[in-house]
Amino acid sequence: MKYQTAEPFRIKMIEHVKKTTISERQTWLKEAGYNVFKVKAENVYIDCLTDSGTSAMSKNQWAALMMGDESYASCDSFFRLEKSVHEVFDMPFVQPVHQGRAADYLIAKIYCKPGQIAIGNMHFDTFRGNAEVLGAKVADLVIQAGKDASSAPEDFKGNMDIQACEDFILKNGPENIGLIMMTVTCNNNGGQPVSMKNIRETAALAQKYNIPFTMDIARIAENAYFIKTREAEFKHASISSIIRQTLSYCETAVMSAKKDGLVNIGGLFLTRKQDIFTMANQLAIVHEGFITYGGLAGRDLDALAVGLREVCDFDYLEYRIKQVEYLGNKLKEAGIPIIEPTGGHGVYVDARRFFTHIPQNEFPAQRLVVALYELSGIRCVELGACAFGTTDPVTGESHWPELETMRIAISRRVYTNNHMDCIANALKDIYLNRASYKGLKLTYEGPIQSLRHFTAGFELI
Ligand SMILES: Cc1ncc(COP(=O)(O)O)c(C=O)c1O
């Protein structure tokens, strides 16, 4: 193994990327209202906006894709996917959906009545958005270290604060809690993992108060890698067995397959309960498609069936997590503040410590996103004042989140460490010049606050 430390794959097909100039990028930024979601992807040099739906598929996935049926009732592709789900997740009932947020809708609709609260370690935006639209409320009860981008390194910063969770249940009444959802890994605070111990304790707490325990498993394989490498009990366990054990504690799980499914589109709603499955089927027929395809083409189901098995490969996961760590180490060497340790799918730069002179109401993390695209053509995403901040509709008062980060999301099997070096070099130069940057003014926000970063508009101050 000593000499076999490179990426565990050969690059079989390439996509050309365009080099652009600073002045071109300044024009595009202005046209986009300083929101890089609106910059054309063809004008991006290295795209770290998201790790979702951006994986390079393997030759086996492309071959499976060609085997796929046109989808409708009981197509063969579905049964191949179902077999793979049974094998990898050991969950009996599978409702495919077109992507993760559709599964978020199903779970929020089935479990949360208007006025009820969904407890999570840290809910992802699309669950939060769906819950809000349906009249439910959400509470994030991740441990304190998981809320603070400058906290000392800890192995499992995605863990639920068990005491806070029990206090919250008692204060609000168990009958008012729709579900407890554990998101693994925890996207919004650095792709930080959750330990098996914490999953067990949270599930036990949910059981004590008769509250359904559910999971968001978009990055369950990355979480399993961290469990294997950081939790002594699992040192010799296979990734597949860790994944199955993780899921054994929950009754229902949702997955955006665009992450650890290694596909470009797709999602899953998985459950152990026949009655929940029946409800999901009905809602899926209305919103997604028939029970056996859920808005996907048969070929997408086939590519996912293969991707779910491939993601359990330890060599792949080791390469994946170590590439993220490589970039994190480069940034740390340059003194750039990041969430430590690096998590599963990206490096999160702490914009509070990066631009200490830009106040949160001038969007320091978004300013960093804009600066990085302007200087280098590299696109990242803000997870801070814009994504998580809110304005009270009655009082007009602003609430600012604790985390103010720029996420550098790394696509799976797409970039090499040369690309990581480019990102580090550009950020180093911005960091050296950091005092010369001023903040941003928010000029537009959409009606659903938890989703405002997707469409917000800004001006340079
Ligand atoms: C943890 C988590 N859940 C759900 C979603 C939503 O998935 P999708 O983008 O497939 O709708 C995401 C997307 O980034 C996510 O990170």
Side-chain angles (χ1 to χ4, degrees), residues 37 47-55 95-109 118 120-133 138 140 142 146 157-158 160 179-194 199 214-224 226 246-247 250 252-270 284 287-289 294-296 300-301 303-304 307-308 311 320 324 343-346 348 379-383 387-388 403 405 407-412 448 450-451 453-455:
F37 277 97
D47 210 342
C48 299
L49 184 76
T50 180
D51 64 315
S52 178
T54 56
S55 303
Q95 170 66 63
V97 291
H98 80 279
Q99 64 179 79
R101 64 201 65 193
D104 286 338
Y105 167 72
L106 299 189
I107 199 168
K109 179 82 181 158
N121 49 343
M122 204 178 243
H123 291 295
F124 183 69
D125 326 6
T126 51
F127 175 81
R128 187 185 302 269
N130 271 295
E132 268 179 29
V133 167
V138 291
D140 288 338
V142 72
K157 284 187 180 175
M160 182 80 83
L179 57 73
I180 297 181
M181 180 186 281
M182 190 71 101
T183 299
V184 299
T185 58
C186 194
N187 185 356
N188 284 353
N189 78 345
Q192 294 293 317
V194 181
I199 293 168
T214 67
M215 300 187 90
D216 177 333
I217 58 163
R219 299 178 181 85
I220 190 170
E222 290 168 7
N223 200 71
F226 287 114
T246 303
L247 278 163
C250 73
T252 296
V254 288
M255 179 183 202
S256 165
K258 295 163 71 179
K259 286 80 172 173
D260 276 354
L262 298 176
V263 287
N264 305 128
I265 194 72
L268 295 170
F269 179 96
L270 308 170
H287 294 282
E288 291 292 287
L296 295 167
D300 301 321
L301 305 177
L304 176 55
L308 291 178
V311 83
R320 160 87 180 138
V324 171
H345 63 288
Y348 290 55
R379 174 161 75 166
C380 293
V381 73
E382 187 251 25
L383 292 177
F388 307 138
L403 290 173
T405 66
R407 181 186 71 179
I408 312 169
I410 309 298
S411 294
R412 295 168 181 79
I448 302 178
S450 54
L451 304 176
H453 54 307
F454 295 112
T455 55

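Note that the numbering runs from 1 along the sequence shown for the chain. All of these numbers come straight from a predicted model, not from anything done at the bench. Counting starts at 1 for both ligands and their atoms, following the listed order.
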Output all residues satisfying side chain to side chain donor-acceptor pair (under 3.5 Å) with N264, sequence neighbours left out; order by chain, then residue number. none
So, using side chain to side chain donor-acceptor pair (under 3.5 Å) as the criterion, who are the partners of N223 when residues are at least two apart? none
Please tell me if the side chains of C380 and L49 come closer than 4.5 Å, counting only heavy atoms from C-beta onward. no
For the pair R219 and D260, find out whether any cationic side-chain nitrogen is under 4.0 Å from an anionic carboxylate oxygen. no
If you compare all heavy atoms of H123 against all heavy atoms of N188, which two are closest, and at what distance to 0.1 Å? O-ND2, 3.3 Å
Under 3.5 Å: N or O atoms of ligand 1 paired with protein N or O:
unit_1, atom_1, unit_2, atom_2, d
ligand 1, 3 (N), D216, OD2, 2.6
ligand 1, 7 (O), S256, OG, 3.3
ligand 1, 7 (O), K259, NZ, 3.4
ligand 1, 9 (O), Q99, NE2, 3.4
ligand 1, 9 (O), R101, NH2, 2.8
ligand 1, 10 (O), G100, N, 2.8
ligand 1, 10 (O), S256, OG, 2.7
ligand 1, 11 (O), Q99, NE2, 2.8
ligand 1, 11 (O), G100, N, 3.3
ligand 1, 11 (O), R101, N, 2.8
ligand 1, 11 (O), R101, NE, 2.6
ligand 1, 11 (O), R101, NH2, 3.4
ligand 1, 14 (O), K259, NZ, 2.8
ligand 1, 16 (O), N187, ND2, 2.8
ligand 1, 16 (O), R219, NH1, 2.9
ligand 1, 16 (O), R219, NH2, 3.3

Show me the side-chain donor-acceptor pairs of residues 98-108 shorter than 3.5 Å, one per line, residues at least two apart or across chains.
unit_1, atom_1, unit_2, atom_2, d
H98, ND1, E288, OE1, 2.8
H98, ND1, E288, OE2, 3.1
D104, OD2, T126, OG1, 2.6
D104, OD2, F127, N, 3.2
Y105, OH, H287, NE2, 3.2

